[in-house]
2 protein chains.
Amino acid sequence: MIHLLRQHIQTRLGNDVSGLEDVLTTFKERHIKRGELVVRQGENCDHVYYIASGCLQVFVYDADVNETTRDIVIEDNWCADLISFGGSQPATENIKAVEPCILLAINRADFYHLMQTVPQFDKVYRQILEASYANSVYRINTFVSLSALDRIKWLMDYRPKLMSRLSSKLIASYLGISQETFSRLKAKI
Amino acid sequence: MIHLLRQHIQTRLGNDVSGLEDVLTTFKERHIKRGELVVRQGENCDHVYYIASGCLQVFVYDADVNETTRDIVIEDNWCADLISFGGSQPATENIKAVEPCILLAINRADFYHLMQTVPQFDKVYRQILEASYANSVYRINTFVSLSALDRIKWLMDYRPKLMSRLSSKLIASYLGISQETFSRLKAKI
DNA sequence: AAGGGGTGTTGACAAATGTCAACGTTTTAA
DNA sequence: TTAAAACGTTGACATTTGTCAACACCCCTT
């Protein structure tokens with residue numbers, strides 16, 4: 001699965017990335033079953049994951065112990081509790097495989113080693129951060145400016161893959177509405 | 001006002017930042033009146049701003065042309081449409097001074113020049129990104145997991161300064177609720 | 001001092017969304 | 001393969017939140 005990561009990086013930084021093979025060999029392949037937790041709230045998130053295949057849910061529990069989904073991340077993207085990873089703090093969120101996943105994982109020590117020894121690697125990290133941030137910005141704007149119905153339409157327009165491949169329950173939680181409301185509003189479109 | 005920025009950077013990177021004075025002289029001081037727009041949706045955001053004093057509102061318009069507030073940023077923090085700035089794209093958001101502000105601005109060309117010539121400067125940028133991202137994460141989690149009342153309580157606990165110094169109208173828009181609902185729920189606490 | 005615009009609060013009502021329950025369907029696990 | 005569990009939909013009703021209007025208040029400006 002390393003070839004997917006190689007391609008991911010080359011697409012973004014060009015074909016001439018010095019030290020690329022050193023970077024690639026540092027990642028370990030992990031196979032995760034559907035439903036398995038990759039990061040648990042309260043524990044330290046000391047890896048960053050490249051998703052070679054599958055789909056991860058990033059969530060917290062609300063007052064009634066429902067899972068409320070902050071993000072859904074699919075293959076060819078990065079996922080981690082970056083705040084926990086960067087600050088060596090306990091994770092404030094959980095990360096769960098909602099499909100069987102193949103992840104390429106790098107631990108904190110190796111990560112910082114690469115940051116110092118491979119000049120281009122910090123560009124990789126910056127791009128992960130920028131992409132995660134941009135994603136968050138759009139998401140907040142949907143919450144402050146759109147109704148539930150319009151958030152559904154937004155999701156259909158901008159992340160149509162999610163609608164078809166994930167359970168209604170998960171999508172509803174991602175949109176911040178109940179499963180029943182989601183079912184009813186969907187029928188209206 | 002440059003001394004505030006110097007202190008901001010030294011607090012985060014230590015007192016021995018090589019090239020720090022080169023960095024500082026690159027910033028231009030801008031005085032902004034209350035109500036003035038710093039960044040306009042559709043135009044390019046080609047500066048990053050350090051807020052020496054005052055307060056900025058980052059917002060978009062909803063379908064009814066109400067301002068819906070994605071973020072509120074106070075002094076000793078950074079503000080920009082980072083997506084527009086980084087990608088040289090039109091800004092998707094507006095930024096407005098909700099108090100008289102003193103900003104320290106750096107334009108894109110100077111910014112990238114510093115990134116290449118001052119080794120530590122990209123750490124500054126990374127910290128801006130990380131802080132912005134962390135802030136977004138918490139904010140999304142309040143929307144997916146909390147009711148309007150609990151979002152108000154969250155704001156009182158985690159950003160109490162905002163409650164006392166900003167108008168109710170602005171806070172309500174930041175919380176994603178109407179002014180009237182905000183007024184009523186406040187009375188319940 | 002007087003007028004005007006924005007703000008904050010409150011009431012009455014409407015609209016949106018949540019909760020609980022029921023039921024058929026699909027998926028999972030033994 | 002079969003039983004159990006989870007899922008998706010729908011109905012009835014409760015709760016939350018929004019909208020519109022009125023009004024008092026404050027801060028401007030003139």
Side-chain angles (χ1 to χ4, degrees), chain A residues 32-37 54-55 57 59-69 72 96-101 140-156 162-189, chain B residues 33-37 55 57 59-69 72 96-100 140 142-156 162-189:
Chain A
I32 313 287
K33 286 182 214 153
R34 182 186 151 86
E36 198 176 327
L37 275 179
C55 181
Q57 173 200 17
F59 66 98
V60 296
Y61 293 103
D62 69 10
D64 300 327
V65 201
N66 298 312
E67 294 178 2
T68 59
T69 302
I72 297 173
K96 184 166 73 174
V98 290
E99 293 175 1
C101 289
I140 295 171
N141 278 331
T142 67
F143 278 109
V144 293
S145 71
L146 300 181
S147 67
L149 182 61
D150 288 335
R151 291 206 293 281
I152 295 176
K153 288 179 181 165
W154 188 91
L155 193 63
M156 288 170 58
L162 295 190
M163 294 289 286
S164 47
R165 90 191 238 190
L166 301 175
S167 74
S168 294
K169 191 184 174 187
L170 180 55
I171 303 256
S173 123
Y174 179 76
L175 292 170
I177 57 181
S178 71
Q179 204 183 146
E180 294 93 332
T181 297
F182 180 60
S183 176
R184 280 185 255 261
L185 292 178
K186 239 189 329 182
K188 281 194 189 177
I189 297 178
Chain B
K33 285 184 213 150
R34 183 186 151 86
E36 197 177 328
L37 276 178
C55 180
Q57 172 201 17
F59 67 98
V60 294
Y61 293 102
D62 70 7
D64 300 326
V65 201
N66 298 313
E67 293 178 4
T68 58
T69 302
I72 296 172
K96 184 165 73 176
V98 291
E99 292 176 0
I140 295 172
T142 66
F143 279 109
V144 294
S145 71
L146 300 182
S147 67
L149 182 61
D150 288 335
R151 290 205 295 280
I152 295 175
K153 288 179 182 164
W154 189 91
L155 194 63
M156 288 169 58
L162 295 190
M163 293 288 286
S164 48
R165 93 190 235 190
L166 300 176
S167 73
S168 294
K169 190 186 175 188
L170 180 55
I171 304 254
S173 124
Y174 180 76
L175 293 170
I177 57 181
S178 72
Q179 205 183 143
E180 293 93 332
T181 298
F182 180 61
S183 175
R184 279 184 256 261
L185 292 179
K186 240 189 327 183
K188 281 195 188 174
I189 297 177

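Throughout, a chain's letter reflects where its sequence line sits, starting with A, and its residues are numbered from 1. Because the structure is a prediction, the values reported are computed rather than measured.
Expressed to the nearest 0.5 Å, how far CG of B:Asp150 lies from CG of B:Leu155 amounts to 12.5 Å. The line from CG of B:Leu146 to CG of B:Leu175 is 10.5 Å long, rounded to the nearest 0.5 Å. Atom SG in A:Cys101 sits 13.5 Å away from atom NZ in A:Lys33 (nearest 0.5 Å).
Remark: A:Phe182 engages no residue in a ring-ring contact (aromatic ring centres under 6.0 Å, His included) (not counting sequence neighbours). Evaluation of the ring-ring contact (aromatic ring centres under 6.0 Å, His included) rule for B:Phe59 yields B:Tyr61 as partners, not counting sequence neighbours. Partners of A:Asp62 according to the side chain to side chain contact (heavy atoms under 4.5 Å, CB included) rule, which considers only residues two or more places apart in sequence or in another chain, are A:Asp64, A:Asn66, A:Thr68, B:Ser145. In this view, B:Glu67 and B:Gln57, B:Lys96 satisfy the side chain to side chain donor-acceptor pair (under 3.5 Å) rule, not counting sequence neighbours. Partners of A:Ser178 by side chain to side chain donor-acceptor pair (under 3.5 Å), not counting sequence neighbours, listed by chain and number: A:Thr181.
The stretch residues 179-189 of chain B touches DNA chain C through B:Gln179, B:Glu180, B:Ser183, B:Arg184, B:Lys186, each having a heavy atom under 4.0 angstrom from the strand. For the contact set between residues 146-155 of chain A and DNA chain D, defined by any heavy atom under 4.0 Å, there are no members.
Residue A:Ser168 places at least one side-chain N or O closer than 4.0 Å to OP1 or OP2 of D:dG8.
Nucleic acid contact class of A:Gly176 (heavy atoms, under 4.0 Å, all strands): sugar-phosphate only. Nucleic acid contact class of B:Ser167 (heavy atoms, under 4.0 Å, all strands): sugar-phosphate only.
Taking each heavy atom of B:Phe143 and A:Ile140 in turn, the nearest pair found is CE1-CG2, 4.4 Å. Across B:Ala148 and B:Leu185, no two heavy atoms sit closer than the pair CB-CD1, 3.7 Å.
Inter-residue side-chain proximity for B:Ile152 and B:Ile171 is flagged as unmet; no heavy-atom pair is nearer than 4.5 Å. A heavy-atom distance below 4.5 Å is found between the side chains of B:Cys55 and B:Ile72.
Mapping heavy-atom proximity under 4.0 Å, the span of DNA chain C touched by chain A runs 5' to 3' from C:dT17 to C:dT28.
In this structure, A:Asn66 places its CG atom 14 Å from P of D:dA6, rounding to the nearest Å.
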Side chains of residues 163-170 of chain B: which donor-acceptor partners sit under 3.5 Å, not counting sequence neighbours?
from	atom 1	to	atom 2	distance (Å)
B:Ser164	OG	B:Lys161	O	3.1
B:Arg165	NE	B:Glu99	OE2	2.8
B:Arg165	NH1	B:Glu75	OE1	3.3
B:Arg165	NH1	B:Glu75	OE2	3.2
B:Arg165	NH2	B:Gly54	O	3.3
B:Arg165	NH2	B:Glu75	OE1	2.8
B:Arg165	NH2	B:Glu99	OE1	2.9
B:Ser167	OG	B:Leu170	N	3.1
B:Ser168	OG	B:Lys186	NZ	3.2

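Distance alone, capped at 3.5 Å, places no donor-acceptor pair between the A:Thr142 side chain and the A:Arg151 backbone.
Using five terminal pairs a side, the axes of the helix from C:dA1-D:dT30 to C:dA30-D:dT1 at its two ends make an angle of 60°, given in steps of 10 degrees.
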Quick test: give all pairs of protein nitrogen or oxygen and nucleotides 26-30 of chain D nitrogen or oxygen below 3.5 Å, distance rounded to 0.1 Å.
none

